[in-house]
Amino acid sequence: TYDAVYEGQRHEKLTEIVGHWLYLNPNWPEDELIRLAQLLNKNSFKPSLEEGEVAFTVRDLMERDRRKQLTEQDNPAGHLAGLLDKALPERGWLVEWLKYADAMTEAPRDFLFFCGLMGLAAAAGNHVYMAEEGNAKIFPNLWVCILGPSSISAKSTSVNTIRRLLKDATAGQVRTPDSFSLEALLSFLQNQPAALLVQDELGSFLTSARREYNYGTIEFLTKLYDYHDIVERQTLGKGTITINEPAVSFLSASTVEWFTSNLKEVDIRGGFVARIGFCYSTGSDKIIPWRDAEPEAAAFNALKKTLNEVHRISYRKMSASIAAREQFEKWYRDKAPLYRRLDLISHFWGRYRTIAKKAAMLYELSWNPEATEVSYEAMSKGIALVDYHIECAKFLLREEFVFNRVLEDVGKVERFLREHRRATEKQILKAMHFEVDYFGRKIHPNLLASGKVEVQGKKYVWVGNGNNEV
């Protein structure tokens, strides 16, 4: 039994007690742990929390505990999931969205989070911006791709829920196009320059976009990502099509195998793929055997109301607080010298730094649709999100997207050090048959950038994921 817990302390106490239960037994069955938490809530919390909030908290703690265990086992996917946890907010619209969606779908938490973030981005559209040098503007549009095993379920349920929310919240003003041909996109965006594009399979989209009848689609979308006050395009049938201040968000998903089989190095160097923030999902252990036909109306309407407030923002400039700006500048100065040197990663870094500002605006609006200033807290979350995307890109480039000799050779050295734990440069050169100059110029900086290897004295030492900076 526990002493009475009153309003203002209930959630903190629930987290503390359930966390302690998980510490004592990490293998609690989910339904049993939720049952015990509901009893705690009913008998000790004054007044009791809503049952849905208790269940969400338990599932959230179990997921974080699972990710922590994966990280401690030197599992790269678990490490990435742990980084994403730092970008998840503790309050506001995104938290309410996660509670709502988590109860109705088996889709993993990371996928649900990005669906919610993209919904906010589409609702904000080109109504809100941060100023850049040269009279440019940063709109909060984002590109995201969820990569994971084919077993990830309920992706369409999550996406369709966001589509419905957007449609209802904006009275049909924010929609998703049905066709991705260049001609169809031009016509669609002429009437709706702020849009959410959704592709269930990014790999097949890349293949289709390279065909002759879709020539120019990838280049056109790449151009739309960055700020333009006006985009004009000549067409054969409709003359000149004009798109004013486009702010296009792009949500996609793929299995790693299908995506990598369709991805070409030029897609990164050309800028299209380098504008995408990757989420490497390991799936979910969540099981929901029975789903209600109708979602909870009150929760849906509350989510819709906030999205509507974000959508109705009058054309507004957001500035960064002094603390937020100083934080961004320090982070950028620390990271830029490293990432600029890393071959393909440098292409991602050139765009990802802007994502921190885009995401920071969305975090701030999720807390207060009337906000005009990005706070230190919002910028912290935006930076955490970019750190996560960078680590995903680094992991995928080394483990999955091996396009060139340098990345392949870095992977070989990592596997060698993981097996032997430590080795001198001479030992590595002998085992890998590298030239000294090639190792020093190409392998050494990329090796240290992974965060998995350190130089200690005269030896390269495998540290796994333990010393990655965030």
Side-chain angles (χ1 to χ4, degrees), residues 67-86 147 256 260 265 268-269 274 278 280 282 330-350 352-353 383-384 386-470:
R67 290 177 172 185
K68 181 181 177 183
Q69 291 179 45
L70 287 173
T71 302
E72 290 171 349
Q73 295 166 9
D74 195 27
N75 181 294
H79 166 66
L80 294 173
L83 287 179
L84 181 60
D85 284 344
K86 298 178 186 298
L147 290 174
V256 172
T260 53
E265 187 172 348
I268 293 179
R269 295 195 184 278
F278 286 101
Y280 189 80
T282 57
K330 180 181 183 303
W331 169 76
Y332 184 76
R333 283 194 298 268
D334 289 343
K335 300 290 187 180
L338 172 64
Y339 293 141
R340 283 174 175 171
R341 299 199 309 266
L342 302 181
D343 197 23
L344 291 179
I345 289 294
S346 64
H347 294 272
F348 288 90
W349 172 250
Y352 277 16
R353 60 183 180 178
I383 287 172
V386 172
D387 284 334
Y388 167 75
H389 282 322
I390 285 284
E391 289 300 316
C392 276
K394 286 161 62 178
F395 168 69
L396 292 167
L397 284 170
R398 281 173 172 75
E399 303 296 329
E400 305 288 355
F401 308 161
V402 180
F403 296 113
N404 58 35
R405 178 189 170 191
V406 173
L407 293 176
E408 188 172 1
D409 286 346
V410 168
K412 289 179 181 177
V413 176
E414 287 181 345
R415 289 190 289 274
F416 175 81
L417 288 172
R418 183 167 187 168
E419 179 182 353
H420 297 279
R421 312 312 293 181
R422 61 183 63 229
T424 64
E425 178 179 319
K426 185 177 180 179
Q427 290 170 327
I428 295 173
L429 294 175
K430 182 178 179 180
M432 301 288 117
H433 306 289
F434 295 150
E435 295 292 335
V436 175
D437 180 63
Y438 171 69
F439 181 84
R441 288 186 301 105
K442 297 291 187 179
I443 304 301
H444 173 84
N446 283 278
L447 193 62
L448 297 186
S450 72
K452 301 175 184 177
V453 176
E454 283 185 350
V455 175
Q456 297 179 7
K458 294 183 178 182
K459 292 188 176 183
Y460 291 84
V461 179
W462 176 262
V463 296
N465 292 316
N467 288 1
N468 267 308
E469 292 182 1
V470 178

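Hydrogens, waters and symmetry mates play no part in the numbers below; they use all other heavy atoms, side chains included. Since the model is a prediction, treat every value here as computed from it, not as a measurement. Throughout, residue positions are numbered sequentially from 1 according to the sequence presented.
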Return the [atom1] to [atom2] distance between [X] and [Y], rounded to the nearest 0.5 Å.
X: Tyr352; Y: Tyr388; atom1: OH; atom2: OH; result: 10.0 Å
X: Arg415; Y: Glu419; atom1: CZ; atom2: CD; result: 11.0 Å
X: Trp349; Y: Ile390; atom1: CH2; atom2: CD1; result: 6.0 Å
X: Lys412; Y: Ile443; atom1: NZ; atom2: CD1; result: 9.5 Å
X: Lys458; Y: Lys426; atom1: NZ; atom2: NZ; result: 11.0 Å
X: Lys430; Y: Thr424; atom1: NZ; atom2: OG1; result: 10.0 Å

Considering all heavy atoms, the nearest [X]-[Y] contact:
X: Ala423; Y: Ile428; answer: CB-CG1, 4.0 Å
X: Asp387; Y: Lys335; answer: OD1-CE, 3.9 Å
X: Pro445; Y: Gly440; answer: CD-O, 3.6 Å
X: Tyr339; Y: Glu391; answer: OH-OE2, 4.1 Å
X: Glu454; Y: Gln456; answer: OE1-NE2, 3.1 Å

Apply salt bridge (Lys or Arg N to Asp or Glu O under 4.0 Å) to Lys330 and list each qualifying residue two or more places apart in sequence or on a separate chain.
Asp334

Among residues at least two apart in sequence or on other chains, which ones pass side-chain hydrogen bond (donor to acceptor under 3.5 Å, both in side chains) with Lys459?
none

Which residues satisfy the side-chain hydrogen bond (donor to acceptor under 3.5 Å, both in side chains) test with Tyr460, sequence neighbours excluded?
His444

Flag the pair Trp462 / Phe416 as yes when their ring centroid distance falls below 6.0 Å, and as no otherwise.
no

Side chain to side chain, Met432 and Asp409, heavy atoms closer than 4.5 Å
no

